[in-house]
Amino acid sequence: MPSVVKLDSNMQGNYHYEEERIRFVSLQEPGIRVSGLLGYKEDGSFDRLTGKYREILKGVNPALVVLGRETAGGQISFRSDTGSLWIRVELENTAELYHMTACGQCGFDCYVGRDRKDLLFLGVTRFDITKKSYQCELLSPDAIGAFNASRQGNCEGERPVNEFLINFPLYCHVVKVEIGIDRDASLTLPSPYEREGSLVLYGTSITQGACASRPGLCYAGILGRKLNLETYNFGFSGNGLGEPEVADLLAEIENPLLYLLDYAANAMVYDRLEPTLEHLIRRIRKAHPRTPVVVVSRIPDVFAFLDPVKGAEYERQFVFQRDMASRMQEELGQVYFIDGRKLFPKDCWELTVDALHPTDVGFASMAENMLGEIEKILG
């Protein structure tokens, strides 16, 4: 029997291209900005951690070093009049998670706009998920042509310059990336962010992006796009435990605009929330006296609804976080609390993949319900 790949062209990869039409460039090419990865800013590595913290955390919790190599939050941005867009990638591992798409784990997605406030999702990597390297077309001439026509009518004979934003994979380490554009296309720096500085998110697998179907749909990515701010995603899958060394890592971020602490789902399991939250807030406040710190309690858990004992414990931990944020606000100022239970609608049963990790709809709900509060805090 023929496979669906043979029967439906939309299920097929797009690996072939005309060599003479495309030029591939490295991410060091003038005009390209890589953001959201501390390692890249330091030494060109696609790592969320600096070399200093790779060494420090190796002796504290080695899992953080492994997870820090996964590129959640990384972005590639530039402006170009190219009529198509390609990507060439080398990965450290293939897709292996049962509850995430291969694209969310190991793929890239792409947004296009006239500027960073006008971004539309238009393309995603289509690749052989059994391979550690791939090359494919992210945006076809038809896709870019349709976007250009939608923005300024008939574009015949013109070469509009567009903003391109490409999101890195959420759950794998990227070894190498090259971007392919038309040989005669321009390549210039992207538009600036809304303001200098960054959002800094710390948390769990949910923060890291499990289980978004593609990278741009995790709640951290949605917030960064909506606010037009550089975003550092320090979601450490299963390992958001509030270690003092992680508090130091977060506190050493330069020019943070806002910290969002969303690590209760891991810390509660290991009885790490109550011993660490106050220290985490105080360490950040010592380094950044005026930067807002937002504590987010756990999103609804199906089993907490079903199990009265678990539900009572969740309620106790919710009260602890709320009261801690209130006390720190009175003492230190600029400490806020977001009720995670309100990030999902009341009927939340269908918003997760596995009764734990959000679907794309779940992430959209989280981002939408956080956005207004964060905008208000940022002024």
Side-chain angles (χ1 to χ4, degrees), residues 36 67 70-73 95 97-109 111 119-121 124 167-172 199 201-227 231-240 260-269 273 294-307 310-311 314-315 317-318 321 337-375:
L67 293 165
E70 297 175 345
T71 51
L97 300 177
Y98 78 91
H99 54 2
M100 279 191 77
T101 67
C103 180
Q105 186 182 353
C106 297
F108 294 71
D109 63 11
Y111 288 74
L119 294 172
L120 292 180
F121 164 70
V124 67
N167 290 298
F168 274 81
L170 298 171
Y171 264 83
C172 76
L199 298 177
L201 289 85
Y202 173 61
T204 67
S205 55
I206 295 172
T207 314
Q208 186 170 337
C211 290
S213 63
R214 55 180 176 81
L217 290 179
C218 66
Y219 86 80
I222 296 171
L223 289 176
R225 248 184 348 269
K226 295 288 187 182
L227 295 166
T231 303
Y232 288 107
N233 185 335
F234 294 110
F236 294 113
S237 192
N239 286 269
L260 193 140
L261 307 180
D262 182 21
Y263 72 111
N266 286 165
M268 285 169 58
V269 174
L273 183 61
V294 181
V295 177
V296 183
S297 66
R298 185 169 183 165
I299 60 173
D301 183 308
V302 170
F303 299 107
F305 286 107
L306 302 176
D307 181 347
K310 181 173 284 190
Y314 280 23
E315 178 66 20
Q317 296 282 2
F318 162 81
Q321 291 173 89
F337 177 73
I338 290 179
D339 184 348
R341 301 173 303 182
K342 295 181 179 179
L343 300 181
F344 276 7
K346 187 175 181 180
D347 183 8
C348 63
W349 311 103
E350 301 290 352
L351 297 188
T352 68
V353 172
D354 54 0
L356 179 64
H357 298 96
T359 62
D360 296 338
V361 179
F363 276 130
S365 178
M366 290 180 70
E368 180 181 356
N369 287 299
M370 284 187 192
L371 185 61
E373 290 296 315
I374 292 174
E375 286 178 326

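Sequential numbering from 1 along the given sequence is applied to the chain's residues.
The side chain to side chain contact (heavy atoms under 4.5 Å, CB included) check on V269 picks up nothing, with sequence neighbours excluded. Under the side chain to side chain contact (heavy atoms under 4.5 Å, CB included) criterion, L97 pairs with H99, M100, Q105, Y171, sequence neighbours left out. For E368, there are no side-chain hydrogen bond (donor to acceptor under 3.5 Å, both in side chains) partners at least two apart in sequence or on another chain. In terms of the side-chain hydrogen bond (donor to acceptor under 3.5 Å, both in side chains) criterion, residue partners of R341 (sequence neighbours excluded) are, by chain and number, E315, D339. Applying the side-chain hydrogen bond (donor to acceptor under 3.5 Å, both in side chains) rule to D360 yields the partners S213; only residues at least two apart in sequence or on another chain are considered.
In this structure, D262 CG and Y219 OH are separated by 3.5 Å, a value rounded to the nearest 0.5 Å. In this structure, the separation between CG on N167 and CG on L217 is 9.0 Å, given to the nearest 0.5 Å. If you take CD1 on I338 and CE on M366, they are separated by 9.5 Å, rounding to the nearest 0.5 Å.
Legend: salt bridge (Lys or Arg N to Asp or Glu O under 4.0 Å) pairs involving residues 208-227, not counting sequence neighbours, sorted by first then second residue: D109-R214.
You'll find the side chain of F337 reaches within 4.5 Å of the side chain of Q321, heavy atoms only.
Tested against L170 for a side chain to side chain contact (heavy atoms under 4.5 Å, CB included), the candidates C103, C218, C211, S237 yield a single pass: C218.
Judged purely by atom type and a 3.5 angstrom limit, N369 uses its side chain to pair as donor or acceptor with the backbone of S365.
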